[in-house]
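Below, chains carry the letters A, B, ... as their sequence lines are ordered, and counting in each starts from 1.
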Protein chains: 2
Amino acid sequence: MTDTAGKVTIKGLAERLGMSKASVSYALNGQPGVSDATRARVLALAAELGWYASSSARALSQSRSDAVGIVLARSPEEVGSESFYMNVLAGIEAVLSDHDMNLMLRMVAPGPEPRRDLGVYRRWAGERRVDGVIVFDHTVDDPRPSMLAALGMPHVLVGAAVDAEPSAFGANTTVDQGRDAGTVMEALHRLGHRHVAYVSGPQRLTHEAARAAGVHAHAARLGMTAAVSHSNYTADDGAKATIAVVAGVVPGSALFPTALVYGNDLMAMGGLRALKQLGLAVPGQVSVLSWDDSILCQLGSPSVAALARNTMDLGRRSAQLLLEAVAGHHCANAAMPAGVLQVRETLAGVLP
Amino acid sequence: MTDTAGKVTIKGLAERLGMSKASVSYALNGQPGVSDATRARVLALAAELGWYASSSARALSQSRSDAVGIVLARSPEEVGSESFYMNVLAGIEAVLSDHDMNLMLRMVAPGPEPRRDLGVYRRWAGERRVDGVIVFDHTVDDPRPSMLAALGMPHVLVGAAVDAEPSAFGANTTVDQGRDAGTVMEALHRLGHRHVAYVSGPQRLTHEAARAAGVHAHAARLGMTAAVSHSNYTADDGAKATIAVVAGVVPGSALFPTALVYGNDLMAMGGLRALKQLGLAVPGQVSVLSWDDSILCQLGSPSVAALARNTMDLGRRSAQLLLEAVAGHHCANAAMPAGVLQVRETLAGVLP
DNA sequence: CTGAAAGCGCTTACAG
DNA sequence: CTGAAAGCGCTTACAG
């Protein structure tokens, strides 16, 4: 509170110190061109007066906003109840704040038709409000990478497929869903399961397409049968899909799936509920496994077996890649480690 | 892609149109000073070329950043698993984007000692990076309101106590925890409960202090006894607190709490788990109620009774108040509606 | 090592 | 209704 008459600026510092604005700027930014003694005087006064560079002035002269943007195009309910997003965001934020970058977050209604998220990217690019963006939920024929490239906007896809190409505008974090499908299917095979149903999220998501392909491939290899149905990532949809999968199939018959795998934790919880209503014992008659781990799975009763991934780390790596892209460096994609199966109460062997 | 040679600016528009930058600016901003015909020409060209005002240039000249900041000082785990935050954020975001404002989000480690969040506010104010902030988790003797006032930063407290004073820098959304405590205690009383334990979050949070006071007051009024213990908002802490509360107390004895109320959904889930391990039947021997509703409560097995509030709306109202404060208007606090009891499987009457 | 000057892209009194 | 000019607070070649 040294100065009530407006904010302290570089000009103010220069006047008090009796030198030019340029020298003050050089001193403040660690640039050469000032003596150590001068630099020390400048820094001391700046600290004393609580000077900070105006973000807009700096952004205007440097053409950098020091901000990174994220547009989430899912419903608040989903984003709020699936801890995946917040965990990834936390990882991203940790890296960004370490580098004095800021995170700009926008949520738009998920309506697929007039994709409002595209307008946000266009606007952010036009306003030069962010230096780059991190893209969630990569879809088949996703318009965003090419659009962002056309806008000259650095970007990183979070958890893309292994064959997603890194571009001049950024590399991606990738998850090998086929490998993870192998982990899941092999575990089920080992427990004696031969008929598996995968209740997937929307198939336009590339990671779900990759999972479905992986499930089928590994089933074939292991001599199992697998049915994949596509649904949405909510508990209600998980319940509906479950009923559709087991309805009319006699438990114990050759066609009955003894294991149900779900694309996320919410669907698994909804599925559990549906199975209970149908009078099917978990894991006595059917095992349940979620492809995403979360506190929901851990605290559920019964607790839900899940494939756990380090989502904070996924965020961290994605942010690091974006910072590289913003700095103009070319990088390779960053492959994320394999998911690890968390065996819990819903997973058991098949009785002979 | 009309113009590859750099972004289109107001100067560029003016040159193509053969007029001054000022006129173009007036036309673009809906200011008087240009004819309708001129304005139409300008807007048409701007739309054609995809012009957007540079956010930094506009911020520099208007001394407004068109951004609002939020610092979350809880662990990513908590923020991720408690849907409360994301829901409030979604409500905030909906209002902000309606007003062409942006949301800047930062998460800092919750370590209480060298409160890193304060540094973020100071920096944001110094850099003029945000026009105002929305403050979560108001605490007793919270240093933030006075600090933000000293910084001249408009701010709004989310879900403050009813006696939180609105200031020249913003009003607050308030929640009458005493009234909600009445809802909870009366419902329990009606079911025959006479001994209640409230497992609260940290008592430095003003809303928890208010709840504890409300629980005690209503217990006294209704002829009940209430014990309040303070813990943290995690499932593990909920479990530990539960064990501490019921350990050594004989079920059915006069001292045994027949109803356990928890400060949030995570603690309630942890408490449920502990009760199961202790061999106590829910709701047969003890009822469980969470002061926050969430998908965890809905999907739990048994499903957990909860006091539901409209958290999206809490976010919306908070954002509206902040926009008023940023605009320099004085407002009254906005009182949020009463919580509504969601009766679920964990809540039952006491057997005589 | 230091200073005067131009520029980043807007907005906004102020003359015409 | 329109234009020339100053200013927002920085950074950065460019001379000295």
Side-chain angles (χ1 to χ4, degrees), chain A residues 3 5-43 45-46 49-67 100 123-129 131, chain B residues 3 5-43 45-46 49-67 100 123-129 131:
Chain A
D3 191 350
K7 301 277 182 177
V8 41
T9 68
I10 268 199
K11 188 177 163 205
L13 293 179
E15 282 168 0
R16 287 175 202 246
L17 292 162
M19 42 184 167
S20 73
K21 284 164 33 184
S23 298
V24 174
S25 175
Y26 290 141
L28 257 10
N29 292 307
Q31 303 278 42
V34 281
S35 66
D36 288 352
T38 305
R39 190 185 305 279
R41 280 180 60 217
V42 173
L43 290 175
L45 185 64
L49 299 184
W51 174 87
Y52 287 94
S54 151
S55 57
S56 51
R58 180 170 274 176
L60 183 57
S61 62
Q62 311 226 83
S63 310
R64 299 192 303 101
S65 67
D66 290 329
D100 288 331
R123 179 162 185 173
W124 278 351
E127 295 181 335
R128 275 135 289 182
R129 193 174 283 278
D131 297 330
Chain B
D3 191 351
K7 301 276 183 177
V8 38
T9 67
I10 268 199
K11 188 177 164 206
L13 292 178
E15 283 169 0
R16 287 177 204 245
L17 291 163
M19 41 183 169
S20 73
K21 286 166 29 183
S23 299
V24 175
S25 175
Y26 290 141
L28 257 8
N29 292 309
Q31 302 278 43
V34 281
S35 66
D36 288 352
T38 305
R39 190 186 305 279
R41 282 179 59 216
V42 173
L43 289 175
L45 184 65
L49 299 183
W51 175 87
Y52 287 93
S54 152
S55 56
S56 51
R58 180 169 274 175
L60 184 57
S61 62
Q62 311 225 82
S63 309
R64 301 193 301 103
S65 66
D66 290 328
D100 289 329
R123 180 162 184 172
W124 278 351
E127 295 180 337
R128 274 134 290 180
R129 193 175 283 278
D131 297 330

Below 4.0 angstrom from OP1 or OP2 of C:dT2, is there any side-chain N or O of A:Thr38? yes
Give a yes or no answer on whether the side chain of B:Arg64 reaches the backbone of B:Arg58 with a donor-acceptor pair at less than 3.5 Å. no
Taking only the side-chain nitrogens and oxygens of B:Ser61, find out if one of them lies under 4.0 Å from OP1 or OP2 of C:dT11. no
From CG of A:Leu28 across to P of C:dT2 the rounded distance in Å is 14 Å
Within the 4.0 Å heavy-atom criterion, would you say B:Ser56 contacts the bases, only the backbone, or no part of the nucleic acid? nothing
From the options D:dT11, D:dG3, C:dC10, select the nucleotide whose nearest atom is closest to the side chain of B:Met19. D:dG3
C:dG9 C1' sits how many Å from A:Glu127 CD, rounded? 13 Å
Would you say the side chain of B:Ile10 lies within less than 4.5 Å of the side chain of B:Trp51, judging by non-hydrogen atoms? yes
When rounded to whole Å, the CG to P distance for the pair B:Leu17 and D:dG3 reads 11 Å
Could you state the OH-P distance from B:Tyr26 to C:dA13, rounded to the nearest angstrom? 8 Å
For the student: nearest non-hydrogen atoms of A:Gln31 and A:Arg39, plus distance: O-NH2, 2.7 Å
Report the residue (B:Ser63 or B:Ser23) whose heavy-atom-nearest nucleotide on DNA chain D is the more 5′ of the two. B:Ser23
Nearest-neighbour nucleotide for the A:Leu60 side chain, D:dC1, D:dG3, C:dC8 considered: C:dC8
Between A:Val42 and A:Leu17, is a side-chain contact (heavy atoms from CB on, under 4.5 Å) present by the stated rule, with each step listed? CA-CA 8 Å; A:Val42 173; A:Leu17 292 162; 3.8 Å; yes
Using whole Å, what does the distance between atom C1' of nucleotide D:dC10 and atom CG of A:Asn29 come to? 9 Å
Consider the side chain of A:Thr9, meaning its heavy atoms from C-beta on, and name the nucleotide among C:dG3, D:dC10, C:dC10 that approaches it most closely. D:dC10
If only atom types and distance count, is the side chain of A:Arg16 paired as donor or acceptor with the main-chain N or O of A:Ala14 below 3.5 Å? no
Per atom distances to the B:Gln62 side chain, the nearest of C:dT2, C:dT12, C:dC8 is C:dT12
Please tell me which of the listed nucleotides, D:dC14, D:dA5, C:dG9, lies nearest to the side chain of B:Ala22? D:dA5
With a 4.0 Å cut-off on heavy atoms, is A:Ser25 in touch with a base, just the backbone sugar-phosphate, or nothing at all? base
Using a cut-off of strictly less than 4.0 Å, decide whether B:Arg58 has a side-chain nitrogen or oxygen near OP1 or OP2 of C:dG9. no
For D:dA4, give the paired nucleotide (Watson-Crick: N1-N3 plus N6-O4 or O6-N4; G-U: N1-O2 and O6-N3; both under 3.5 Å), or none. none
To the nearest angstrom, the NZ-P distance between B:Lys11 and C:dA6 comes to 14 Å
Quickly work out the B:Gln31 CD to C:dC10 P distance and round it to whole Å. 15 Å
So what's D:dA13 paired with, Watson-Crick or G-U wobble, going by both distances under 3.5 Å? none
Could you tell me how far apart B:Lys21 (NZ) and C:dC8 (C1') are, to the nearest whole angstrom? 11 Å
Any B:Ser65 side-chain heavy atom under 4.5 Å of B:Arg129 side chain: no
State which of C:dA13, C:dC10, C:dC8 makes the closest approach to the side chain of B:Ile10. C:dC10
